[in-house]
Amino acid sequence: MNTEILGILAMFLITLLLALPLGKYIARIYDGQRTFLDPVLGPVERLFFRISGIDPNEGWSWQKNLVALLVINGVWFLLGMFILMNMNWLPLNPDHNPSQGAHLAFNTTISFLVNCNLQHYSGESGISYLGQLYLMFLQFTTAATGMAGAALLFRALRKGTHKTYGNFFSDYLKTCTRILLPLCLVMGVMLLFCGTPMTMEGKQQMTGLQGDTLQVSTGPVAAFVPIKHLGTNGGGFFGANSAHPLENPGYGSNMIEMVAQMLIPFAMIFAFGIFIRRRRMAWVIFGVMTLGFLALAVPNTYMEAKGNPAIAHMGIGNQLGNMEGKEVRLGAAAAGYWSIATTVISTGSINSMHDSHMPLSGMNELLAMMINCFYGGCGVGILNYFIFIILAVFISGLMVGRTPEFLGKKIEAREMKIAMIIALLHPLLILAGTALAAAFPQYTTGTLNNPGFHGFSEMLYEYTSSAANNGSGFEGLGDNTPWWNITTGFVLILGRFLPIIGPVAIAGILGSKKYIPESAGTLQTDTPTFGFMTLAVIAIVAALAFFPALTLGPIAEFFSSK
Amino acid sequence: MKQFLWPSIKLTLLSLLLLSGVYTLILLGVAQLAPGKGKGELIAWKGKTYYANIGQSFTDDRYFWSRPSAVGYNASGSGGSNKGPNNPEYLQTVKDRIDSFLVHNPDIGRAQIPVDLVTASGSGLDPDISLQAAKVQAPRIARLRGIPETSLLALIDKQTEQPLLGLFGPAKLNVLRLNMALDNLK
């Protein structure tokens, strides 16, 4: 077996092995049990709560939790706008980079706030170190917001009838201090020894071996990259993201970053199973997600490693694969695998340029974001998947003629309406956005980097990435224009907060319902059969809604290529 | 809503202090123990310092060339060409690169040119080339420098970085290190 494939297998297995104990730990945190970091972090958290005037033990209704979530996100947004629009006179700006204009700052702040990190600027020239450090802060808080939302779901789905679902502020802070921060410190140190820089000095002058003068951008990269991956954010410190040789110096750092981005999404599934005391269900969910993931990742790894036929026709040695937009130290196979890992999860970091991938690789990346729940982002992955579970329960219930029930709670019209709205919102945002962009060519065609079908794919990718809060792009798109900054900005907000509010509301409504003990007539939801049912629902919703758009972009490109 | 506003603002400022402040300072401290004291991996050579991981443009026929770059190896920025795989303009560029390579390297056949030498990297700063990319340049450099080709191939062999732990990822050569070793070869 070759070393590139072996590297990929190792990355997957290491993630799984680390996720099992981490899942157990996360379940303990949200359950309020003692953990080994209590003596160090307990006093810090208590101090924070005392100064902020928050009683962390006060349980809130789901509505109250959601309001707290939205208010604090609003504060983060306003502070972000202020910092990004005033970087030129604020401290920590050794390269004298300019402030961002209003629409770019709007897009950047929103995009980091919602775990997307679309980045219509380049890290080297478009932001100061202060801006980078604030964006790094947002990468912590947005992951914590998603995970706190998931924690609320965990509590609601536990056996019994509930009135309160924990306290958002407490879940947010504990997610930061107990889960994200310790993991980031460990990973940051590992990256430092892989050769990732960590300095507050500005650009460095250097003379090349051939005598040309060069400048090299550096910065506090080793602090930024861990949370970018552990928080499934994906916002790069440099423009080239994890293809940049300082952000991802070698195959070792690539493995670390790959494991880091899948770690918490894996662990959240196991934490869910442990928390609601149904481990079997967690394994079924994990199985379905893995099946979906592999169905996309295997072809991409294969296609990228096989290379571009149009270049093979030129008669050169094409054994290395499709190397346009890829790095020699990482190789084409690892780039193909990464391209799906980063799109099924909402990371959106890249280690190769997706715009230069083979047409059907691009299609799989789009599909991964259109489905958006195979593993999924920190916390929100499981929230998205929950919507499909509700749909699958309802449909299976109708098929066998039983009242649809999930975990002892009846699913009724109100929950179904919310689930349907959320399931349809995602295609609506993507397709309506792309349709608008195509309908106003005066604002969009000039920004495309490639002609024909591929150009259409660039626009489709931008809205898909926004709605899925992913953040990767077909980066050839010249996206720093008012059109792209503003339209994607709104898609980002809607694509983030409604898919948190919806599932949390359903969970809250279910949580307060009467618990019906299981009987012989109950639909079993922790069996492989039900798993396949969920997979079928996902496939139908995604395929039917998106197939026409995919046909116009990557599929047409594939069939028209020689 | 109002009841959450002050707690939110205070909690934001405190966590900002912890997550952007304390966390960054800890890593800045640890960086002093890391290679290059937090500046990344540096190579000092003949009184000058180079970044080991930042690729440089090598266009002189007497050196091993690095890969094409969409940003001209200017590390104050980074990025790829972002050309689609079937973009006609892009395919023409690749053809031109092949032709120009053959002009500079008349001793080799077209099929010997590896794809990494005619495609641009993702970062535009790729410090590495593949084994084949080094070997295919050996006849040219041997001719221009008057060094036997066999000692160049031995040099390439010595400079090859094997996969991680011999198990994971591709083998590669750092072009800067290779060219320094080449200059040392008299």
Side-chain angles (χ1 to χ4, degrees), chain A residues 3-4 6-7 10 48 51-54 68 71-72 75 124 133 137 140 188-189 192-193 195 197-199 203 208-209 215-217 220 222-223 238-240 243-246 249 251-252 308 310 315-318 320 323-329 331 352-353 355 358 449-450 454 475-476 561, chain B residues 1 4-5 7-12 14-16 19-20 24 27-28 30-31 34-35 38-41 48 51 53-54 56 60 75-80 82-87 91 94 98 110-111 113-116 119 121-123 125-130 163-164 167-170 172 179:
Chain A
T3 51
E4 295 193 43
L6 206 57
F48 278 26
I51 298 176
S52 312
I54 295 164
V71 170
I72 198 165
V75 170
E124 292 92 337
L133 290 179
F137 167 72
F140 276 101
V189 171
L192 273 173
F193 286 91
M198 183 71 201
T199 167
K203 285 195 179 70
L209 197 64
Q215 287 195 315
V216 179
S217 288
F238 299 109
H244 196 289
L246 292 180
Y251 202 83
N308 186 348
I316 62 162
N318 207 23
L320 291 172
M323 288 306 286
E324 183 67 34
K326 293 194 180 59
E327 304 284 302
V328 169
R329 66 188 179 285
S352 68
M353 294 299 157
D355 218 349
M358 300 313 299
N449 188 46
N450 285 286
H454 197 86
E475 286 299 332
S561 57
Chain B
M1 207 190 120
F4 295 121
L5 193 58
S8 291
I9 292 172
K10 287 184 197 161
L11 191 58
T12 298
L14 288 169
S15 26
L16 191 58
L19 301 173
S20 288
T24 310
L27 284 180
L28 278 172
V30 178
K39 288 193 169 178
E41 204 182 333
K48 280 199 251 171
Y51 281 88
N53 291 318
I54 296 287
Q56 294 180 18
D60 190 330
S76 62
S78 60
N82 286 311
K83 295 293 181 198
N86 299 303
N87 184 330
L91 292 175
V94 175
I98 296 173
R110 181 177 272 262
I113 305 176
V115 65
D116 58 325
T119 48
S121 62
S123 60
L125 308 171
D126 196 338
D128 304 306
I129 53 174
S130 65
L164 185 68
L167 289 175
F168 308 127
K172 61 189 169 58
N179 280 328

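The basis for the numbers below is simple: all heavy atoms, side chains too, and nothing from hydrogens, waters or symmetry mates. Residue numbering restarts at 1 for every chain, and letters A, B, ... go by the order of the sequence lines.
Interface remark: of the candidates B:Gly79, B:Pro127, B:Gly80, B:Ser78, B:Ser78 forms the most heavy-atom pairs closer than 4.5 Å to chain A. Contact count against chain B (heavy-atom pairs under 4.5 Å) is highest for A:Gly325 among A:Gly7, A:Gly331, A:Gly325. Taking B:Asn53, B:Asp126, B:Leu125 one by one and counting their heavy-atom pairs under 4.5 Å with chain A, the maximum is reached by B:Asp126. Of the residues considered (A:Gly315, A:Gly195, A:Gly53), A:Gly315 shows the highest number of contacts with chain B, using heavy-atom pairs under 4.5 Å. If you tally non-hydrogen atom pairs under 4.5 Å between each of A:Ser217, A:Ser52, A:Gly476, A:Ala240 and chain B, the highest count goes to A:Ser52. Of the listed residues A:Ile54, A:Leu192, A:Val328, the one with more heavy-atom pairs under 4.5 angstrom with chain B than any other is A:Val328.
Using a 4.5 Å heavy-atom cutoff, the side chains of A:Arg329 and A:Pro245 are in contact. Within the 4.5 Å cutoff, no side-chain heavy atoms of B:Pro85 are placed close to those of A:Glu324. At a threshold of 4.5 Å between non-hydrogen side-chain atoms, the residues A:Phe137 and A:Leu133 do not count as touching. Side-chain contact between B:Arg110 and A:Ile316: present, with at least one pair of heavy atoms (C-beta onward) separated by less than 4.5 Å. A 4.5 Å side-chain heavy-atom check between A:Glu4 and B:Pro163 finds every atom pair outside the cut-off.
Listed for the A:Glu124 side chain is a donor-acceptor partner under 3.5 Å among the backbone atoms of A:Gly239. Of the possible polar contacts, one joining the B:Asp116 side chain to the B:Ser130 backbone as a donor-acceptor pair under 3.5 Å is found. When atom types are taken as modelled, the side chain of B:Ser121 and the backbone of A:Glu327 share no donor-acceptor pair closer than 3.5 angstrom. The closest donor-acceptor contact from the side chain of A:Asn450 to the backbone of B:Asn87 lies at 3.5 Å or more, if one exists at all.
If you measure heavy-atom distances from A:His454 to chain B, the contacts under 4.5 Å come from the side chain alone. Contacts of A:Thr199 with chain B are made by both backbone and side-chain atoms, with heavy-atom separations under 4.5 Å. For chain B, the nearby part of A:Lys203 is the side chain; its heavy atoms alone come within less than 4.5 Å. Of the two parts of A:Val216, the backbone and the side chain both hold a non-hydrogen atom closer than 4.5 Å to a non-hydrogen atom of chain B. Proximity to chain A involves both the backbone and the side chain of B:Lys83, based on heavy atoms less than 4.5 angstrom apart. With a 4.5 Å cut-off on non-hydrogen atoms, B:Ile98 touches chain A through its side chain but not through its backbone. Heavy atoms of B:Leu164 lying under 4.5 Å from chain A belong exclusively to its side chain. When heavy atoms are compared at a cutoff of 4.5 Å, B:Pro7 approaches chain A by way of both its backbone and its side chain. The contact between A:Asn308 and chain B is made entirely by side chain atoms (from C-beta outward), counting heavy-atom distances below 4.5 Å.
For the atom pair B:Ile54 CD1 and A:His244 NE2, the distance stands at 4.5 Å (nearest 0.5 Å).
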